[in-house]
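Right, one structure below, let's go through it.
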Amino acid sequence: MNDKITVFGIRVEIILIIFLILIIVLAVALFFTIRRLEYINRKYAAVMSGKKGKDLEKIILTRFKEMDKVKNNARRVTSEHKTFKGHLDSCINKVGLVKYDAFDNTAGTLSFSLALLDQENTGVVLNSMHSRDGCYIYAKEIIKGESFTALSSEEKEAIQKAQTVEEEIEAMTSPDETFDID
């Protein structure tokens, strides 16, 4: 007689050994899971312990309110910047000066043409003619770089200087040349 018991064609002893190994593997996995959970609980308790833990939500909400204030301030400053930029564009920000002798070696180079323009090259050109008998000043309106009154060569030059002043400043502040230091 065969006294060995089988289930599904497998001996019971082998099934018991497989179940025992499976139980040991699951027990080891459970052990490591419990250790990891204890580690996370300690970290959580450290964060939530004491005054800092109790006030954590309050601190977070306060920071969010401060961030909202900063965002609103940034919007206000941006809006004010646009307003100021609009005002600055209409202010005189381009100047061109040309000195000359109006009466050929009789008064020196005391005469001048002065162009005062805004961002759109609109403004005025002043022409001061100096002689031994007196000084005469003329003003001519400039609209977008053009005048409805005839301009002298000195006045045209002053306007040209005013229109290119930004380029000259740029050229002085950011030189194209690079110097190699050996």
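Using modelled atom types, one finds no donor on one side chain facing an acceptor on the other under 3.5 Å when comparing Glu154 with Asn127.
Counting non-hydrogen atoms of neighbouring residues, nucleotides and ligands closer than 6.0 angstrom, the CD atom of Glu146 reaches no more than 12 such neighbours.
Counting heavy atoms from C-beta outward, Tyr100 and Ser113 have side chains that approach closer than 4.5 Å.
Sorted by first and then second residue, the pairs that involve residues 7-17 and meet salt bridge (Lys or Arg N to Asp or Glu O under 4.0 Å), not counting sequence neighbours, are Arg11-Glu13. Sorted by first and then second residue, the salt bridge (Lys or Arg N to Asp or Glu O under 4.0 Å) pairs involving residues 37-47 (not counting sequence neighbours) form an empty list.
Atom CG of Leu151 and atom CD1 of Ile159 lie 5.0 Å apart (nearest 0.5 Å). Going from atom CD1 of Ile142 over to atom CG of Asn121 covers 10.0 Å, rounded to the nearest 0.5 Å. Atoms NE2 and CG, from His81 and Leu88 in turn, are 8.5 Å apart once rounded to the nearest 0.5 Å. Taken to the nearest 0.5 Å, the CD atom of Glu120 stands 10.5 Å off from the CG atom of Asn93. The CD1 atom of Ile21 sits 7.0 Å away from the CD1 atom of Ile17 when rounded to the nearest 0.5 Å.
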Does Val124 form a side chain to side chain contact (heavy atoms under 4.5 Å, CB included) with Lys140? I'd like the steps, not just the answer. CA-CA 6 Å; Val124 65; Lys140 296 179 183 175; 5.8 Å; no
Verify side chain to side chain contact (heavy atoms under 4.5 Å, CB included) between Lys161 and Val98, making sure each step is shown before the conclusion. CA-CA 8 Å; Lys161 280 186 174 185; Val98 175; 4.1 Å; yes
Using side chain to side chain contact (heavy atoms under 4.5 Å, CB included), reason through Ile23 and Val25 one step at a time and then give a plain yes or no. CA-CA 6 Å; Ile23 289 172; Val25 168; over 6 Å; no
Walk me through it: do Phe112 and Leu97 pass the test side chain to side chain contact (heavy atoms under 4.5 Å, CB included)? CA-CA 7 Å; Phe112 64 88; Leu97 175 67; 3.9 Å; yes
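Here Ile15 pairs with Val7, Ile10, Phe19 under the side-chain contact (heavy atoms from CB on, under 4.5 Å) rule; sequence neighbours left out.
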